[in-house]
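Naming: A, B, ... by sequence-line order, numbering from 1 per chain.
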Amino acid sequence: MLEVHVEEKRYADRGGRHHLALRELRLTARDGEFVCLVGPSGCGKSTLLNIVGGLDPDARASVSLDGRARGRDIGFMFQEPRLMPWLTVLQNVCLVLEAVGDGEARATELLEAMDLGEVLHAFPGTLSGGMQRRVALARAFAIEPKLLLMDEPFVSLDAPTAARLREMLIALWQRQRTTVVFVTHDLREALALADRICFLSPSPGRIVLEQAVTLPRPRRPESPEVGRLYEELLSRDPDLLAGLAAHPQEDLAHD
Amino acid sequence: MSRRSDGATTAGVLANSERSGSAGWRPQRDTLIRGASLLSFLLIWQVAAVLAQDTTVPYPAVVFSRIGSEVASMALPHHLGVTLLRVAISFAVAMVIGAAIGIAMGRWPVLDRFLDGWLVLGLNIPALVTIILCYIWFGLNDTAAIVAVAINKIPTVVVTVREGARAVDPRLMQVAHAYRVSQRRKFLQVYLPQIYPYLFAAARAGLSLIWKIVLVVELLGRSEGIGFQLNVFFQFFDIAGILAYTLVFASVVLVIEALAVRPLERRLNRWRPH
């Protein structure tokens with residue numbers, strides 16, 4: 001069980017003025033749940049993810065995983081692949097593994113399973129954007145994380161590449177039963193992936209609506225079922241993607 | 001620092017093998033050009049010596065035979081060894097201390113502001129002043145010599161490495177942080193590789209500066225080494241001796257650069273797309 005409570009997160013702009021990015025935001029996720037955060041740009045989605053991942057020391061927030069403070073078992077996938085360009089594909093994955101000897105064998109196995117066996121010893125700079133994301137995905141799952149945080153990881157990829165990565169993500173998630181918090185601005189992507197979607201308001205961001213998604217898997221963003229749910233949500237709340245919900249359903253949070 | 005090459009497909013991976021094939025003729029031509037350059041240098045020297053007809057401009061042949069006799073008497077190898085040892089130690093001391101201070105200054109702005117004035121002072125003190133002061137304070141010994149050389153070099157290392165430390169990509173550091181990578185690994189595999197280009201720039205510039213200063217230090221206060229020998233030859237107006245020692249020493253430095261510094265740099269840079 002993941003429990004996040006952000007009391008307040010402020011940041012200073014270049015002029016030194018303070019802005020409120022997040023206030024009184026509570027987010028929970030059951031073990032193995034796939035939660036998507038959807039909201040307008042600038043609403044603090046990435047900020048929230050950084051807080052959960054422990055990358056933001058200034059925020060007034062508490063994050064607990066199974067009742068304990070978070071530990072080493074969090075994977076993080078960023079908007080860019082963020083691989084170390086001077087390390088090979090295999091070394092990049094091994095970098096985040098604590099044990100070296102047995103870790104290398106596991107990393108190799110995972111990379112081969114993800115069709116990266118041919119490029120184990122290649123440097124990331126020689127790989128396509130899609131392959132770099134695949135390595136980043138492998139790196140995230142290599143540590144067998146309890147919690148995986150993903151910040152629009154498939155943005156700026158062509159549709160088939162993104163679709164393939166989504167399939168891999170779902171397959172790995174179903175095998176490892178990791179809890180996933182996935183940030184996106186693309187509602188169709190969220191509908192294709194999530195067990196539950198949290199819609200965020202413009203800044204200071206808070207959750208305005210939670211929507212469970214019970215469509216059977218595998219789903220595709222362009223499938224009719226996803227399309228129908230998409231239309232239904234938007235006809236109920238036309239301004240949903242701008243972060244304004246007419247029917248707040250905050251009680252859904254604790255089901 | 002994250003290089004994206006969306007256009008490149010798996011073909012990019014194969015680019016490594018292609019490099020060796022098409023570039024086969026290039027080393028050969030490079031050797032030819034370098035040889036021609038060396039030959040013209042000797043030719044110009046010979047012509048100058050013929051035109052001058054003066055003992056202060058000896059023929060190349062005289063200088064080379066002098067190198068032979070100095071090597072045979074073991075005088076040149078002895079003094080060369082002493083000087084190279086001083087160069088190596090002061091180079092290592094200056095690089096380690098300079099890199100540590102540079103990284104710290106790039107990392108902590110408070111320290112940067114605190115030390116910035118000292119750095120400007122250090123950069124502008126003439127080498128001669130530090131050498132004289134070190135000899136006066138520490139005596140005419142090797143410690144004073146090495147300290148003097150290191151003090152001259154440290155500020156320039158600091159400036160270069162600090163630049164590198166400021167350019168470190170916070171997004172890559174975030175990755176290490178998010179995955180709780182151990183401090184040791186974070187430093188060696190994430191942080192340091194970002195500084196390597198700056199360390200090499202500092203090392204290159206350092207080597208050429210240090211061996212020049214070492215000679216001055218030797219000339220002023222040591223009784224061994226190339227600098228000391230040059231001073232002796234100067235007293236006797238022995239131009240052939242001066243040129244013989246200079247030529248050998250400069251070649252040794254060139255060889256070190258070509259056989260140690262450049263291959264190491266190439267190895268550490270092999271990930272960069274060409």
Side-chain angles (χ1 to χ4, degrees), chain A residues 46 49-50 52-57 70-89 91-98 100 115-116 118-133 136 139-140 142-143 145 147-149 151 156-158 161, chain B residues 1-20 107-109 164-165 167-200 264-274:
Chain A
S46 300
L49 219 53
N50 284 345
V52 178
L55 296 179
D56 192 334
R70 77 197 137 222
R72 288 196 81 256
D73 34 20
I74 299 183
F76 208 128
M77 208 175 152
F78 300 87
Q79 274 184 36
E80 325 83 35
R82 295 202 193 177
L83 304 169
M84 308 300 147
W86 45 85
L87 298 180
T88 63
V89 166
Q91 288 169 336
N92 260 291
V93 175
C94 289
L95 174 69
V96 301
L97 293 170
E98 205 157 16
V100 183
D115 265 350
L116 290 163
E118 301 283 306
V119 294
L120 286 180
H121 304 292
F123 291 106
T126 62
L127 304 181
S128 68
M131 282 173 109
Q132 293 190 20
R133 311 278 168 125
R139 177 174 67 184
I143 62 168
L147 174 64
L148 175 55
L149 305 171
D151 187 1
S156 79
L157 288 174
D158 57 276
T161 310
Chain B
M1 266 280 179
S2 79
R3 259 159 234 276
R4 233 189 277 158
S5 48
D6 295 75
T9 52
T10 25
V13 186
L14 305 171
N16 288 337
S17 54
E18 169 210 77
R19 213 181 303 143
S20 50
R107 174 98 192 256
W108 292 292
V168 161
D169 189 345
R171 296 174 311 162
L172 294 183
M173 299 312 292
Q174 260 189 346
V175 173
H177 197 74
Y179 283 95
R180 309 292 192 280
V181 174
S182 70
Q183 289 296 329
R184 199 184 110 87
R185 275 190 168 192
K186 198 198 296 195
F187 181 71
L188 291 178
Q189 295 190 36
V190 182
Y191 187 85
L192 212 50
Q194 302 188 56
I195 315 246
Y196 281 154
Y198 298 88
L199 281 176
F200 271 99
L264 185 64
E265 190 175 13
R266 219 175 298 137
R267 196 186 139 66
L268 291 173
N269 273 332
R270 79 209 133 110
W271 58 271
R272 280 180 204 281
H274 292 265

I'd like to know whether the aromatic ring centres of Phe200(B) and Tyr198(B) sit less than 6.0 Å apart in this structure.
no
Is chain B contacted by the side chain of Leu95(A), its backbone, both, or neither, given a heavy-atom distance below 4.5 Å?
both
So, for Gln174(B) and Leu55(A), which heavy atoms are closest and what is the spacing to 0.1 Å?
O-CD2, 3.7 Å
Any ring pair (Phe, Tyr, Trp, His ring centres under 6.0 Å) involving residues 167-189 of chain B? Give me the pairs, sequence neighbours left out, ordered by first then second residue.
Phe187(B)-Tyr191(B)
Counting heavy-atom pairs under 4.5 Å with chain A, which one of Leu268(B), Val181(B), Val190(B) comes out on top?
Val190(B)
So for Phe78(A), is it side chain, backbone, both, or neither that comes closer than 4.5 Å to the heavy atoms of chain B?
side chain
Distance-minimising heavy-atom pair for Gly130(A) and Thr161(A):
CA-CG2, 3.7 Å
